[in-house]
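This report refers to the structure that appears directly beneath it.
Since this is a predicted model, take the numbers as computed values, not measurements. The residues of the chain are indexed from 1 along the displayed sequence.
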Amino acid sequence: MRDSVYYIRTDTEHGRTKERLRRAAADRLGISPSDPALEVLREREGKPYFPHAPIHASVSHSGGVWLAVLSCAPVGADLQKYQRCDAVRIARRFFHPLEADYLSARTEDFFSVWCAKESYVKYTGGGLAQGLDSFSAVAEGRLAREINGVPIRTLEYGGNWWLCICGGEPGEPEIIELKE
């Protein structure tokens with residue numbers, strides 16, 4: 001079964017994640033959102049999970065969009081809206097040296113690298129405490145296809161947005177809009 005990407009365009013990106021995640025999982029599994037199997041818990045670093053349902057989840061929010069990726073396999077996802085920033089300075093301070101060098105010549109790729117890194121730390125459940133400089137999302141002079149053996153997929157999402165899925169099921173995900 002391919003991954004499902006659920007999104008909501010909203011003014012309240014934060015604060016309703018458990019409810020939204022239950023609705024998305026209920027839709028994917030074809031059950032009621034009130035089903036006890038859809039209890040949502042969080043790991044120590046904040047990654048949500050369903051202890052009683054056969055589904056893995058990752059949540060992201062950016063620029064008025066809340067998003068969840070649901071998969072049959074462990075998954076991490078990040079969504080970022082393009083905005084102006086000092087990509088080289090940020091990369092040199094927080095990223096792996098290979099990424100900083102790569103981005104010094106290709107600043108337009110900053111958000112795809114950022115998304116890949118965030119999706120990986122969400123995949124592992126380690127969060128940002130893992131250290132963004134402890135691994136590289138760049139290999140052989142381009143965005144890597146995997147990080148530490150885990151496949152990553154970077155998708156342009158609606159023009160100035162980047163979505164990266166780490167792990168999960170291979171192939172193109174199904175994209176579904178949820179209504180508030």
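- In this structure, the side chains of E39 and P51 come closer than 4.5 Å at one or more pairs of heavy atoms.
- When side chains are defined from C-beta on, P97 does not count as touching R92, because their heavy atoms never get closer than 4.5 Å.
- Expressed to the nearest 0.5 Å, how far CZ of R16 lies from CD1 of I8 amounts to 7.0 Å.
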Return a table of donor-acceptor pairs under 3.5 angstrom between the side chains of residues 110-117 and protein atoms on other chains or two or more places apart.
residue, atom, partner, partner atom, Å
S112, OG, D109, O, 2.8
W114, NE1, E118, OE2, 3.1
K117, NZ, E99, OE1, 2.8
K117, NZ, E99, OE2, 2.9
K117, NZ, L132, O, 2.5
K117, NZ, F135, O, 2.8

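- Residues S60 and D78 share a closest heavy-atom pair of OG-OD1, 3.1 Å.
- Note that OG1 of T154 is 4.5 Å distant from CG of L143, once rounded to the nearest 0.5 Å.
- R44 pairs by the salt bridge (charged side-chain N to carboxylate O under 4.0 Å, His left out) definition with nothing, not counting sequence neighbours.
- The shortest distance between side-chain heavy atoms of L70 and S58 does not fall below 4.5 Å.
- Among residues two or more places apart in sequence or in another chain, the side-chain contact (heavy atoms from CB on, under 4.5 Å) test is passed with K81 by S62, W161.
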May I have the step-by-step check of side chain to side chain contact (heavy atoms under 4.5 Å, CB included) for Y49 and R42, ending in yes or no? CA-CA 6 Å; Y49 70 98; R42 291 193 177 269; 5.7 Å; no
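- R9 and V65 make their closest contact through NH1-CG2, 4.0 Å (heavy atoms, listed as atom of the first residue, atom of the second, distance).
- For the atom pair CD (E146) and CD1 (I152), the distance works out to 8.5 Å, reported to the nearest 0.5 Å.
- Contact check for H96 versus D101: no side-chain heavy atoms found under the 4.5 Å cut-off.
- Atom NE2 of residue H56 and atom NZ of residue K47 lie 8.0 Å apart, to the nearest 0.5 angstrom.
- Judged by distance alone, the side chain of Y102 and the main-chain N or O of E140 form no donor-acceptor pair under 3.5 Å.
- Linking Ile, Leu, Val, Met, Phe, Trp and Tyr residues whenever their side-chain heavy atoms come within less than 4.5 Å places V5 and L155 in a single cluster.
- In this structure, L38 and A25 approach most closely via the heavy-atom pair CD2-CB, 3.8 Å.
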For I176 and D27, run side chain to side chain contact (heavy atoms under 4.5 Å, CB included): C-alpha distance rounded to whole Å, both residues' side-chain angles, the deciding distance at 0.1 Å, then the answer. CA-CA 10 Å; I176 303 155; D27 180 75; 4.2 Å; yes
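- Using a 4.0 Å cut-off between a side-chain N of Lys or Arg and a carboxylate O of Asp or Glu, K179 and E177 qualify as a salt bridge.
- Two residues are said to be in side-chain contact when any heavy atoms from C-beta on lie closer than 4.5 Å; V59 and L67 fail this criterion.
- Side-chain contact between E169 and V75 is absent, with no heavy-atom pair separated by less than 4.5 Å.
- A heavy-atom distance below 4.5 Å is found between the side chains of V88 and T107.
- No path of Ile, Leu, Val, Met, Phe, Trp and Tyr side chains, each step under 4.5 Å between heavy atoms, connects V121 with L98, placing them in separate hydrophobic clusters.
- For E43, there are no salt bridge (charged side-chain N to carboxylate O under 4.0 Å, His left out) partners two or more places apart in sequence or in a different chain.
- Under the 4.5 Å side-chain criterion, counting only non-hydrogen atoms from C-beta, I165 is in contact with P173.
- With rounding to the nearest 0.5 Å, the separation of SG in C166 from CZ in R153 is 9.5 Å.
- Partners of S32 according to the side-chain contact (heavy atoms from CB on, under 4.5 Å) rule, which considers only residues two or more places apart in sequence or in another chain, are S34.
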Take Y120 and N148, measure what side chain to side chain donor-acceptor pair (under 3.5 Å) needs, and give me the verdict at the end. CA-CA 9 Å; Y120 179 74; N148 293 331; 2.9 Å; yes
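- Between F50 and the choices L21, L41, L29, the side-chain contact (heavy atoms from CB on, under 4.5 Å) rule is met once, by L21.
- In this structure, R93 does not pair ionically with D133, as no charged nitrogen and carboxylate oxygen lie closer than 4.0 Å.
- Ion pair E19/R22 not flagged as a salt bridge, since none of the NZ, NE, NH1 or NH2 atoms sits closer than 4.0 Å to an Asp/Glu carboxylate oxygen.
- To the nearest 0.5 Å, the span separating CD1 on I55 from CE on M1 amounts to 8.0 Å.
- Counting only residues at least two apart or on different chains, no ring-ring contact (aromatic ring centres under 6.0 Å, His included) pair has a member in residues 18-37.
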Could you please spell out the steps behind the side chain to side chain contact (heavy atoms under 4.5 Å, CB included) verdict for E174 and D3? CA-CA 6 Å; E174 173 183 29; D3 293 343; over 6 Å; no
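- More than 12 heavy-atom neighbours from other residues, nucleotides or ligands sit within 6.0 angstrom of CZ on R2.
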